[in-house]
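Side chains included, hydrogens not; waters and symmetry mates left out as well; all remaining heavy atoms used. On a predicted model such as this, the values are computed, not experimentally measured, just so you know. Chain A is the first sequence line, chain B the second, and so forth, proteins listed ahead of strands; every chain is numbered from 1.
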Amino acid sequence: MSLFDGLKNTDMRVKLPVVCFIWELAMIILFGVFIRYNPQADAHYIVNNSNTTYLNEFYFRYPSFQDVHVMIFVGFGFLMTFLQRYSFSAVGFNFLVAAFGIQWALLMQGWFGSLDYSTGKILIGVENLINADFCVASCLIAYGGVLGKTSPVQLMIMTLIGVTLYAVEEYIILTLLNVRDAGGSMVIHIFGAYYGLAISRVLYRPKLNQEKNGSVYHSDVFAMIGTLFLWLFWPSFNSAISNTGDGQHRAMINTYVSLSSSVVTAVAISSLTQKKGKLDMVHIQNATLAGGVAMGTASEMMVSCYGALIVGFCCGIISTLGFVYLTPLLESKLHIQDTCGIHNLHGMPGLIGGIVGAITAAAASEAVYSREGLVSLFNFNGAFANRSASTQGGYQAAGICIALAFGLVGGTVVGFILKLPFWGDAPNENCFEDNIYWE
Amino acid sequence: MSLFDGLKNTDMRVKLPVVCFIWELAMIILFGVFIRYNPQADAHYIVNNSNTTYLNEFYFRYPSFQDVHVMIFVGFGFLMTFLQRYSFSAVGFNFLVAAFGIQWALLMQGWFGSLDYSTGKILIGVENLINADFCVASCLIAYGGVLGKTSPVQLMIMTLIGVTLYAVEEYIILTLLNVRDAGGSMVIHIFGAYYGLAISRVLYRPKLNQEKNGSVYHSDVFAMIGTLFLWLFWPSFNSAISNTGDGQHRAMINTYVSLSSSVVTAVAISSLTQKKGKLDMVHIQNATLAGGVAMGTASEMMVSCYGALIVGFCCGIISTLGFVYLTPLLESKLHIQDTCGIHNLHGMPGLIGGIVGAITAAAASEAVYSREGLVSLFNFNGAFANRSASTQGGYQAAGICIALAFGLVGGTVVGFILKLPFWGDAPNENCFEDNIYWE
Amino acid sequence: MSLFDGLKNTDMRVKLPVVCFIWELAMIILFGVFIRYNPQADAHYIVNNSNTTYLNEFYFRYPSFQDVHVMIFVGFGFLMTFLQRYSFSAVGFNFLVAAFGIQWALLMQGWFGSLDYSTGKILIGVENLINADFCVASCLIAYGGVLGKTSPVQLMIMTLIGVTLYAVEEYIILTLLNVRDAGGSMVIHIFGAYYGLAISRVLYRPKLNQEKNGSVYHSDVFAMIGTLFLWLFWPSFNSAISNTGDGQHRAMINTYVSLSSSVVTAVAISSLTQKKGKLDMVHIQNATLAGGVAMGTASEMMVSCYGALIVGFCCGIISTLGFVYLTPLLESKLHIQDTCGIHNLHGMPGLIGGIVGAITAAAASEAVYSREGLVSLFNFNGAFANRSASTQGGYQAAGICIALAFGLVGGTVVGFILKLPFWGDAPNENCFEDNIYWE
C-alpha cells in the first residue's frame, strides 16, 4: 500500500469544478487577447466574386475536419467503452478532456504556427481546428494507457501539459526540421503512446484489482462503434492537412488500402494465437486500426498502393502479437499497466510509420514525383531549397527520436505530478468502476 | 383520474395506419401538383461547361446537409433513448415523425419561400432539404418534452401542426422582418421548446407513474451516441445555410468554440451540485450542447471567438442549474412535466441565443464587417437597404417574442387537441414503457 | 442429419489464418503488378494552377464516398447485430469480409473498367473506391441471408466468388449494354439478394435450432444504429457516381424523398398486420429502407419528386408485407431460410427499382431532359449515339434479368461449394451463437 493511501479522497466536489472554472476562465482571457478569425473566416475581407468565395478553404477541409472530429469524440470515446463498468468515464471524460484540450491547442499551436507578428494575434480557420483535434488525439491515446485508474482532475492536468508538450514537439519536428508527418505517426502516435506509457509506469499499482478490467457482451459491441468510426475516417485523418489536390487524394487512398489489409491479418493472428482458433474482440477492436497509424507519415508520399498494403499487413500482425505476448510482459517485467494496449495500437505502429516515412522520403526521386511534385510535397523551398531526398530521410528519422523523447521524458515528469496524493484517483479496489465518479 | 380514462385504448391497429396512409397520400398529391426540381437539380438546365457544373450548389451544401440529417435522426433519436424501457419509441417514433415532417416541411416552407410565381411550382434543391430538417428539429424538440406520455398518432398530429406553425413563424421572422437566425436559436429552439412545454402543460398528468422515468446503465451509453453526434455536427447545423465563403466558415468556428466551452462548465456545475461531487449523466448528455443552441443566431456574425467562448461558458452553467433546480420546480409549481428537460437545453439557451444575436447585430459596425460585409450578412438590400445595425438589433429582439408567442399559443391549442380521448395515449401506469406500442 | 455432420469441426485455428494469409499475400502481389494511382492522385502530374487543383475529383466524390463507406461497415454491420447472441459475428465478420472484399473488388473492377491498355496498369482514384464499396455491398446483402449459419471461412469464399461475379455482371450490364444503374437496384441489390438466397437454399438446414434466432431489447437498439446510418446516407449511395452537377443533386433528392415515404408506410403496415396494432422492430429496421433500394436505378433520372414518393410508398408496403407473409412461406415451401429477410429489403425492392428505371428510361424525352441532358445522362455517345429512349428502356429491362441470373446461378454453385464439410460451419444447435467463433 502506498504511503498516501489513507489520504485518498475521490470526492470531486471542490477539485473538479475549481480546475474546470480556472482553466476555462483562462481560456476566455487568452482567446480575448490572442485569437481572431483568419481572412477566410472574417467578414471584413469579403470577396464579392462568387468564384473566389467558392474557393474558400472551408470547402476543401471541412468534410475532412468533421470526419476527424467524429474520430476524436465518438471514435476514441467509444473505443474505450469496452470495460464492463467504465463506459460513462470512457466516453464522458474523453468528452471533457477533448473539449478542453482543443481550446488550449488552438492557443499553443497558434503561438507556434499561426501568429500574425504584426498584430500579435493568432488567426484561426478550419485548418487550425483540424490541428487542434490532432493535438488532442495524442492526449486521448495517453488516456487509453491509464484508463480506469485516474481521476478527471488528473486527466485535465495530463491534457494541459500534454497539449503544451505536443505543440513544442510539433514545432520542432514539423517546422524547424521540416519533417513531413501529415497523419502524425510520430508527432501524434509515438508521442501520445509513450507519454501515456511513461505516466502509467510512474503510477504503477502493484495491487490493482483486475476483476473489473474486462468487458461484457454489450460493452464490446459499444466499443465496435468506436473502432469502426476510427477505421472508416482514418483516411480523412491522414489526408486532412495534406496539400490540396493530388496530395489529399493519394493520402486517402494509401490509408484506406493499408487499413483494409490490417483487418485481414489481425483476424488471422487473433485466430492463430487463441485456443481453438476463436477470435478475441480486443484484437478486432484495436489491431485492425494499426494500418492507419502506420501510414500516418508516408500516406501523402508516393508509397504506392502495394507498399501501403504491405505496411498494413505487417502492422496487423505485429499489433495483434503485441496484445497476446507483449502486454502481459510489459506489466510483469516493466510494471507498465497499459489498459487499452496503446503500445500495440499506437506505439509500435507509430514507430513503424516513422521508419516507413523516413525510408520513403529518402527514396523519393524526381522520376517518380517530378521536380515540382518533390518540392511541393517536401516543401523544399526557402531555407530547405537545397535539401536532398536522402537528407530529408535523415531528418524524418530524427523526428522519431524527438517524438519518443518528448513522450518518455514528459510522461515521466507528468507521472510524478499525478502521483501527488490529492488529485482524487481511485483506490486499487475501485479502479475500473464508474460509480466513484458518476451518480 | 381524468374523465376520459375509461375510454383510453392504446390499440393503434386502425388509428395509426389510417393517419399514416391519409397523410402520405396527401403528400403524394401535393408533391405531384407543386414540387419540381430547381434548375441546379434539373437535367433540362444542364451546363456543359465543367467549371460551372462544379459550382453546383450541391457541392457547397451537401456535406453540411448530411451532418444536419444525422443530427435529426441519430442525434435526436438516440439522445432520447436514455429511458430504461422506452428506447424503441424514442428512436422509432423520432424516425417516423421526422420522415413525415420533412415532406410536409418541403411543402409548407416551399409555399412561403421557394414558390416560382410564374408557374405556381415549388422548386427544390439541397437548401430546401436542410431547411426541412431544421423545421422538423423544432417538432422533435417538442417531442422531448412529452417523451413517454404520447401515442404515435398524437406525435403525428403534433408534427403536422408544428411544421405548419413553424413555416408561418419562420416566414414572418426571417422574410418579413429580415431577422438573421442561421442556426435557429429563435425559430427552431425557442419555438420548439415552448411549443413542447405548452403541450406538456395541457397534458399534465398529476398521477404519473415515475418509476420507469429513469435510465439504466446501457441506455445512458446509447444516449451518449445521440449527444456526441449532436455536439459534433452542431457547427454544420449553425453554418449550413449561412452565406457561402467566410459566412459558413465563421459560423462553424463560433459554434465549435462555444460548444467546447459549455462541456467544461456543464461538468463543473454537475459535480458542484451533486452529493460527493459525482457527475450526473443527464447533465453531460444535455447541458454540454447548450453552447450550440445559444450560438444559433449569432454564429454567422462577428461575435468573436472569445465572445462565443463566453456564451458557451454561461450556457453550460445555466443549463445544468436548470436541470438541478428548475425542472423540479416546473413540475411542482407550474405542472409542466418536461421529460427530457427541453427547457434547460433548448428554452433558456435559445432565449440567450436570441438576445446575444440581437446585441451582436445592434453592435455591428462597418469598421468590423466592412460595408459590403454588413450588407451581405444582414441582407441590407431592397426594402431593407436603409436599415441600420441598431434597428436590426430591435427586429432581432422582436423575433424572440414572435417565436415565443407562436410556441406558447400554438402549443396550448395543440395540447387541447391532443387531450381528446381517442388518440391512444398510454394510461398513467404505462407511461415510459415501450411494450404498449411495440411487440 | 447430414451425412457430413460427424465431420463438422468449427475450430478455425488453421483454416481461417491460412485463408486470410494466402488471400492477402495474393492481394499484395496483384496490387504490386497492377495497381497504380490515377493522374488525379499521382504526384507526378501535379498542376500548379490552384484553380485546377481545386477541381480534383477528390472534392466532388470524397464526401459521398465516406457516407457510402459508413453504410458498408457501420450500416450493414450494425443492422445485423439484432440477433441476441450474434452481434460480434455480425459486426466482426462484416468487417472482415468487407475489408478483404474491397481489395479484390479494386482489382476485378479495375481489370474491367480502369485498365490503362498502354501500360497494363489499373489506375485508381476515389471513384474506384466507391465502386469497390458498391461491389462489396452485394456480398454483405448475401451475408444477411445466411447470417448465423456460416463460418468466417465460408464468408471469405462467398466474398471472393461474389466479388468476381459482380465485376463480370457489372461489366456486361453497365458497359456492354450501356444500362444506367447509378445506385445499383439491379447490379447490387438484385444480384446480392438472389445470390444470398440461392446459397441459403442450398445450405438449407431442416432441423435448425431457431431458439436464438431472435433479438433482445438492446440488440434491437444496436440494430437501429445500422438502420439509421443506412437510411441517412442512402442519398449519397445513389448519387455517389452519378454525373457531377445536376445529376448528383437530383439523385440525392429523389432518394431522400423516396426513403421518407417508405418510413411512413412501413410503420402503417407494421401496425396493421400485428395483433393489437403494435409495431414490430424488424419492420422498422428493414422495410423503412426499401425506398432507397428501389430508387437505385432511377434516382438520377427525371423521375420527379412525386414519382419517387410513390415508389417509396409502395416499397414500404411490399417490403413489410414480405416480412409478415412471404418470409415464412419461403422457409416452409421453398426451404429458404432468410435470416435478415434480404428478399424483402433487397430482392423485391431491387426488382421494383429495376422496373421503375426501365419505364422511366423508356419514357425519357427531349422535352423533359433537353437533348444535351439526355445524351449526358444515358451516355448516348459513341456506339450508343443512335439509341432511342425506348430502346434504352428495353436494355434496362434486360439488365434485371442478367442480374437475377448471375445471382441465382452463381449462388447455387457457391452454395454447393460451401456445402463441403470442412469449412467449419456450426452444427444446427450452435447456429446464431457467437461463442463458437469468439472468445
Side-chain angles (χ1 to χ4, degrees), chain A residues 55 59-60 63-64 67 217-218 220-221 224-225 227-229 231-233 235-236 243-250 252-253 256-257 259-265 267-269 271-272 274-281 284 288 301-302 304-306 309-310 313 368-370 372-374 376-377, chain C residues 11-17 20-21 23-24 27-29 31-32 35-37 40-48 50-54 56-59 62-63 66 69-70 73-74 77-78 81 85 87-88 91-92 95-96 99-100 102-103 124-126 129 152 218 222 225 436-439:
Chain A
L55 289 178
Y59 299 108
F60 303 94
S64 302
D67 291 350
Y217 194 70
H218 280 164
D220 266 328
V221 182
M224 281 305 292
I225 297 173
T227 299
L228 287 175
F229 278 106
W231 192 89
L232 289 164
F233 291 158
S236 299
N243 291 338
T244 50
D246 67 285
Q248 280 193 282
H249 202 154
R250 186 170 55 254
M252 175 275 284
I253 294 172
Y256 163 101
V257 162
L259 283 162
S260 64
S261 168
S262 54
V263 174
V264 179
T265 53
V267 167
I269 300 294
S271 174
L272 200 61
Q274 303 292 312
K275 248 189 319 187
K276 300 191 179 171
K278 292 186 183 185
L279 298 171
D280 187 328
M281 253 297 172
I284 309 304
T288 51
M301 302 178 193
M302 293 287 289
S304 82
C305 291
Y306 75 93
L309 216 48
I310 293 170
F313 186 93
V368 172
Y369 291 78
S370 80
E372 293 73 23
L374 212 56
S376 160
L377 181 55
Chain C
D11 189 336
M12 294 282 115
R13 195 164 183 184
V14 177
K15 294 165 206 163
L16 184 58
C20 287
F21 277 120
W23 291 0
E24 194 58 42
M27 292 300 111
I28 292 176
I29 294 166
F31 267 56
I35 300 232
R36 297 294 178 270
Y37 307 116
Q40 302 260 318
D42 193 310
H44 201 269
Y45 302 91
I46 190 168
V47 182
N48 280 313
S50 80
N51 200 48
T52 314
T53 299
Y54 289 153
N56 194 296
E57 202 187 3
F58 178 81
Y59 300 108
Y62 189 64
Q66 274 297 1
H69 216 36
V70 169
F73 289 85
V74 173
F78 272 88
T81 57
R85 296 302 288 184
S87 301
F88 288 8
V91 77
F95 195 13
L96 171 65
F100 164 72
I102 52 180
Q103 299 172 48
I124 67 167
V126 64
L129 272 46
H218 280 165
F222 277 119
I225 297 173
I436 49 169
Y437 300 123
W438 297 85
E439 279 287 321

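When heavy atoms are compared at a cutoff of 4.5 Å, C/F222 approaches chain A solely by way of its side chain, counted from C-beta outward. With a 4.5 angstrom heavy-atom cutoff, C/Q40 touches chain A via backbone and side-chain atoms both. For A/Y217, the parts lying under 4.5 angstrom from a heavy atom of chain C are both the backbone and the side chain. Only the backbone of C/Y437 comes within less than 4.5 Å of a heavy atom of chain A; no side-chain atom from C-beta onward does.
Chain C forms more heavy-atom pairs under 4.5 Å with one residue of A/M281, A/M301, A/K276, A/R250 than with any other, namely A/R250. When each of A/T244, A/D220, A/N243 is checked for heavy-atom pairs under 4.5 Å with chain C, A/T244 comes out on top. Across C/I102, C/I124, C/V14, C/I225, the residue that shares the most heavy-atom pairs under 4.5 angstrom with chain A is C/I102. Your options are C/G92, C/G125, C/G77, and the one with the most heavy-atom pairs under 4.5 Å with chain A is C/G125. Contacts with chain C were tallied for A/P235, A/P63, A/S261; A/S261 has the most, counting heavy-atom pairs under 4.5 Å. Chain C forms the most heavy-atom pairs under 4.5 Å with one residue out of A/V257, A/I253, A/V221, A/V368, and that residue is A/V221. Note on A/V263, A/D67, A/L232: by heavy-atom pairs under 4.5 Å with chain C, the leading option is A/L232. Heavy-atom pairs under 4.5 Å with chain C were tallied for A/L374, A/T227, A/I269, A/V267; the largest tally goes to A/V267.
To the nearest 0.5 Å, atom OG1 of residue A/T265 and atom CD of residue C/E24 are 6.5 Å apart.
With ring centers used as reference points, A/F60 lies under 6.0 Å from C/Y54.
In this structure, C/W438 and A/Q274 have side chains that are not in contact, with every pair of non-hydrogen atoms separated by 4.5 Å or more. When side chains are defined from C-beta on, C/S87 does not count as touching A/M224, because their heavy atoms never get closer than 4.5 Å. Annotation: side chain of A/T288 is not in contact with side chain of A/L259 (no heavy-atom distance under 4.5 Å).
Remark: of the listed residues C/I29, C/I28, C/I35, C/I35 is the sole one forming a side-chain contact (heavy atoms from CB on, under 4.5 Å) with C/F31.
Between the side chains of A/S236 and C/Y62, at least one donor N or O sits under 3.5 Å from an acceptor N or O.
Judged purely by atom type and a 3.5 angstrom limit, C/Q103 uses its side chain to pair as donor or acceptor with the backbone of A/S260.
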